[in-house]
Amino acid sequence: MYKLIKKQGNARRAEFQTVHGTIQTPAFMNVGTSAAIKGGISSYDLKDLKCQVELCNTYHLHLRPSDDVIKDMGGLHKFMGWEKPILTDSGGFQVFSLSKLRTIKEEGVYFQSHIDGKKIFMGPEESMRIQSNLASTIAMAFDECIENPAPYDYTKNSIDRTTRWLVRCKKEMEKLNANPNSINQNQLLFGINQGSTYKDLRIQHMKDIANLDLDGYAIGGLAVGESAREMYETIEAVEPYMPSDKIRYLMGVGTPANIIEAVYRGVDLFDCVMPSRNARHGHLFTWSGIININNAKYERDLEPIDNQCDCPTCRNHSRGYIRHLLKAKEMLGMRLAVIHNLYFYNTLMEKIRYSLDNDTFDQFREENVEILSKRI
RNA sequence: GGGAGAUUUCCCGAGCGGCCAAAGGGGGCAGACUGUAAAUCUGUUGCUUUCAGCUUCGAUGGUUCGAAUCCAUCAUCUCCCA
């Protein structure tokens, strides 16, 4: 349940109540695709990282270890040892990212497993059943994340199919939630808006799905190659058509600047692989800009990654040490780097919330958007 | 003491007369990464005044139009026989 606390312009400060606890928004979801955040981060670490929600993936967990196993293990929360909310992505992104290994049909998508080549079918019903077995807090509708650029006609056909799939998702979810064998009978369902960068299609699709009265609405299919400007314009175009009493989730976004700009345009929820993946590659976020800890200039640097940061990594270790660990491919290097970046992202959201609470968000945005994108 | 083999650019290692500033790894340097097929991928890695020139393949000297590649001597290392 979405409870608006405060607004500044289009930016919204709210709470989202779930059976696994309340999420303070705007919030960033920490991505643990295969029931783990890459880089050796455990659920107990996430508590120190101010993580509110973890995101896992339907397609990946279905392949391994399988949703049956996870259901028998008591659902994802027990499986991972994480009590707070979990959002599962539907597999719709894999329609995009694994495009070479799949065929789209009206009934759903035929994948060839990226692990062993096995043929896998996933349609709206399958995705909902898998997510019900995983027993996440929030299930995402099964959609097609359209590649960019995409022809207009293709996009039009695709969003209409995504709408039909959404209706099937909703129906299946209602069935599953009514089933006493379901671990989480209160599983929430979010719909996903598509339409590439065509504003008319985005709006049309948003209108089509808005009246389905879902638990939340996501904007998908962005940050897939279009410019930041196009992304912002797309959000601005659809935002007026998103139900204002429902949580809004911008999928897969983004850089700290992207997040601030999207909050400014009315988005509540984010997720992105960037803080964890980039951390593993030595690309670290600081309050003064972005550093690449692999650079030779940090070899003998005794300073923490960011002296304005009080994350476990910055409280204990120097740049020179982390650079060494990453260079030596010691797993501790990745772990420390990921801890820092996730803490940074979760702190960024905390600061955004704080600024909204204090009506200083516009100022926060002005002061930070540029600096956080700068490479130093 | 006698015999066989080796010595290549930061490292390992290919090359066996011109297409060699020299394959391929590794390492170094730098870049990319946005609902994670990503512990991945890309570029670069002798010097310079870079549509070219110069200096490199243990050392020196030779053969040749032309040598990392052939010959001689020396140096170092490895193995085998005494």
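This structure is a prediction, so every number in the text was calculated from the model and none was measured. Here is how names work: the chains are called A, B, and so on, in the same order as the sequence lines, proteins then strands, and each is numbered from 1.
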Give the rounded distance in Å between these two atoms: [atom1] of [X] and [atom2] of [N].
X         : N      : atom1 : atom2 : answer
Leu284(A) : C33(B) : CG    : P     : 15 Å
Met231(A) : U34(B) : CE    : P     : 12 Å
Leu250(A) : U34(B) : CG    : C1'   : 10 Å
Ile219(A) : U34(B) : CD1   : C1'   : 15 Å

[N] base / [X] side chain donor-acceptor hit below 3.5 Å:
X         : N      : answer
Ser276(A) : U36(B) : yes
Glu54(A)  : G35(B) : no
Asp143(A) : G35(B) : yes

Quiz prompt | Under 4.0 Å protein heavy-atom contact, by nucleotide of nucleotides 40-46 of chain B - B base, S sugar-phosphate only | solution = B------
Exercise. Would you indicate what His283(A) reaches in the nucleic acid, counting non-hydrogen atoms under 4.0 angstrom: base, sugar-phosphate, or nothing?
Key: base
Quiz item: Can you name the residues that form a side-chain contact (heavy atoms from CB on, under 4.5 Å) with Val167(A), not counting sequence neighbours?
Solution: Leu212(A)
Please write out the pairs of protein N or O atoms and N or O atoms of nucleotides 29-31 of chain B separated by less than 3.5 Å, giving the distance to one decimal.
from: C29(B); atom 1: OP1; to: Arg323(A); atom 2: NH2; distance (Å): 3.0
from: C29(B); atom 1: OP2; to: Lys327(A); atom 2: NZ; distance (Å): 2.5
from: A30(B); atom 1: OP1; to: Ala296(A); atom 2: N; distance (Å): 3.2
from: A30(B); atom 1: OP2; to: Ala296(A); atom 2: N; distance (Å): 3.2
from: G31(B); atom 1: OP2; to: Asn292(A); atom 2: ND2; distance (Å): 3.0
from: G31(B); atom 1: OP2; to: Asn295(A); atom 2: ND2; distance (Å): 3.2

Is [X] near enough to [N] that one of its side-chain N or O atoms lies under 4.0 angstrom from OP1 or OP2?
X        : N      : result
Gln94(A) : U36(B) : yes
Ser97(A) : A37(B) : yes
Asn57(A) : G35(B) : no

Self-check item: Donor-acceptor pair, side chain of Arg319(A) and main chain of Ile293(A), under 3.5 angstrom
Solution: no
Quiz item: What orientation do His114(A) and His60(A) show, parallel under 30°, tilted 30 to 60°, or perpendicular over 60°?
Solution: perpendicular
Exercise. Measure the acute angle between the ring planes of Phe28(A) and Tyr345(A), then classify it against the limits of 30° and 60° as parallel, tilted or perpendicular.
Key: tilted
Practice problem: When you get a sec, tell me which of G35(B), A38(B), A37(B) is the closest nucleotide to the side chain of Lys38(A)? | Solution: A38(B)
